Amino acid sequence: QVQLVESGGGLVQAGGSLRLSCAASGGIFSAYTMGWFRQAPGKEREFVAASRWSGDSTHYSDSVKGRFTISRDNAENAVYLQMDNLKPEDTAVYYCAASRKYYSSTNMYAAVGAFDYWGQGTQVTVSS
């Protein structure tokens with residue numbers, strides 16, 4: 001029912017920036033908590049950031065806090081991940097995700113199992 005399509009990945013040098021976009025369709029976008037995850041080769045899928053329906057409650061992994069910013073535009077059915085001061089260890093496939101579950105604390109969305117719908121991923125490569 002819900003389709004998520006990521007875009008904006010690419011190759012960037014360490015210290016550079018990228019902005020990822022996720023376009024959603026087929027659901028009531030404003031009802032979903034939206035998240036970003038990433039998966040590097042040989043690693044498990046890792047939580048990056050999440051934003052609740054209104055966008056005024058967010059949660060970040062410690063590894064990206066202060067460098068990445070999640071935002072959403074419910075009118076445009078889109079969620080974004082602004083990535084600044086990128087590091088080689090940020091290299092991964094980045095996935096957009098949507099959750100139809102309600103949790104009282106935003107940090108509870110840090111688990112892969114909290115999300116119901118996933119995009120296909122977009123590659124981010126950071127060179128040293």
Side-chain angles (χ1 to χ4, degrees):
Q1 183 178 359
V2 175
Q3 184 179 30
L4 305 173
V5 180
E6 303 97 333
S7 62
L11 175 65
V12 64
Q13 287 189 308
S17 298
L18 284 174
R19 190 178 80 143
L20 305 183
S21 298
C22 174
S25 62
I28 306 173
F29 182 78
S30 62
Y32 303 127
T33 292
M34 301 298 297
W36 288 95
F37 289 74
R38 65 188 183 186
Q39 189 165 19
K43 303 293 185 180
E44 295 184 349
R45 193 163 297 188
E46 175 190 21
F47 171 76
V48 175
S51 175
R52 294 176 72 93
W53 313 278
S54 66
D56 61 356
S57 181
T58 58
H59 178 62
Y60 298 90
S61 68
D62 289 340
S63 62
V64 307
K65 193 175 299 181
R67 299 188 298 120
F68 292 9
T69 303
I70 186 172
S71 61
R72 63 190 295 165
D73 187 340
N74 290 340
E76 297 295 329
N77 292 344
V79 62
Y80 308 95
L81 186 69
Q82 178 66 42
M83 305 185 294
D84 297 320
N85 192 24
L86 283 160
K87 304 175 180 180
E89 52 263 44
D90 295 318
T91 295
V93 176
Y94 282 71
Y95 297 90
C96 176
S99 174
R100 57 183 174 87
K101 303 178 178 67
Y102 174 78
Y103 298 118
S104 59
S105 298
T106 308
N107 61 6
M108 298 181 70
Y109 292 99
V112 169
F115 289 83
D116 303 288
Y117 309 102
W118 296 85
Q120 82 290 345
T122 184
Q123 176 71 46
V124 172
T125 302
V126 184
S127 63
S128 59

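Just so we're clear, the structure is a prediction, and the values are computed from it rather than from any experiment.
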With K65, which residues qualify under salt bridge (Lys or Arg N to Asp or Glu O under 4.0 Å), at least two apart?
D62
Let me confirm one number: the CD-CG distance from Q3 to N77, rounded to the nearest 0.5 Å.
12.5 Å
Nearest atoms (heavy-atom pairs only) where S30 meets N74:
CB-ND2, 3.9 Å
Side-chain donor or acceptor of S21 paired with backbone N/O of G8 under 3.5 Å:
no
State whether the side chain of Q13 and the backbone N or O of S127 hold a donor-acceptor pair below 3.5 Å, judged by distance alone.
no
Which atoms form the tightest heavy-atom contact between L4 and A24, and what is the distance?
CD2-CB, 3.6 Å
For K43 and Q39, work out which heavy atoms get closest and say how close.
O-NE2, 3.1 Å
Give the C-alpha distance, both sets of side-chain angles, the deciding distance and a yes or no for ring-ring contact (aromatic ring centres under 6.0 Å, His included) between Y103 and Y109.
CA-CA 8 Å; Y103 298 118; Y109 292 99; 4.9 Å; yes
Atom of A14, atom of S128 and distance for their closest heavy-atom approach:
CB-CA, 4.4 Å
Side chains of R38 and Y94: any donor to acceptor distance under 3.5 Å?
yes
Any side-chain heavy-atom pair of S63 and E46 under 4.5 Å:
yes
Taking atom CZ of R100 as the centre, does the number of heavy atoms from other residues, nucleotides or ligands within less than 6.0 Å exceed 12?
no
With the 4.5 Å side-chain cut-off for hydrophobic clustering, are L81 and V12 part of the same group?
yes
Just do the side chain to side chain contact (heavy atoms under 4.5 Å, CB included) check on L20 and E6 with the steps written out, would you?
CA-CA 7 Å; L20 305 183; E6 303 97 333; over 6 Å; no
Taking V112 as the starting point, is it possible to reach Y117 by hopping between hydrophobic residues whose side chains are less than 4.5 Å apart?
no
Closest heavy-atom pair, T122 versus G9, reported as atoms and distance to 0.1 Å, is OG1-N, 3.2 Å
Y102/T33 under side chain to side chain contact (heavy atoms under 4.5 Å, CB included): CA gap, chis, key distance, verdict:
CA-CA 8 Å; Y102 174 78; T33 292; over 6 Å; no
Any chain of hydrophobic side-chain contacts (each under 4.5 Å) joining F68 to Y95?
no
State, yes or no, whether a side-chain contact exists between V124 and M83 at a heavy-atom distance under 4.5 Å.
yes
Evaluate the criterion side chain to side chain contact (heavy atoms under 4.5 Å, CB included) for residue pair V79 and W36; output intermediate values, then yes/no.
CA-CA 9 Å; V79 62; W36 288 95; 3.9 Å; yes
Which residues pass the ring-ring contact (aromatic ring centres under 6.0 Å, His included) test with F47, sequence neighbours left out?
F37, H59
With no hydrogens and no angle check, is any side-chain donor or acceptor of W53 less than 3.5 Å from a backbone partner on A31?
yes
Just checking L11: does its CG atom have more than 12 heavy atoms from other residues, nucleotides or ligands closer to it than 6.0 angstrom?
yes
Full working for side chain to side chain contact (heavy atoms under 4.5 Å, CB included) between K87 and R67:
CA-CA 10 Å; K87 304 175 180 180; R67 299 188 298 120; 3.9 Å; yes
Charged tip of R72 within 45° of F29 ring normal and under 6.0 Å
yes
Give a yes or no on whether Y80 and F115 share a hydrophobic cluster (residues Ile, Leu, Val, Met, Phe, Trp, Tyr; joining criterion: side-chain heavy atoms under 4.5 Å apart).
no
Please check: side-chain N/O of S105 versus main-chain N/O of N107, any donor-acceptor pairing under 3.5 Å?
no
Non-hydrogen atoms of Q120 and V5 that approach each other most closely
OE1-CA, 3.7 Å
Determine yes or no for a side-chain-to-main-chain donor-acceptor pair under 3.5 angstrom, with T58 supplying the side chain and S51 the backbone.
no
Can you hop from V2 to W118 via hydrophobic side chains spaced under 4.5 Å?
no
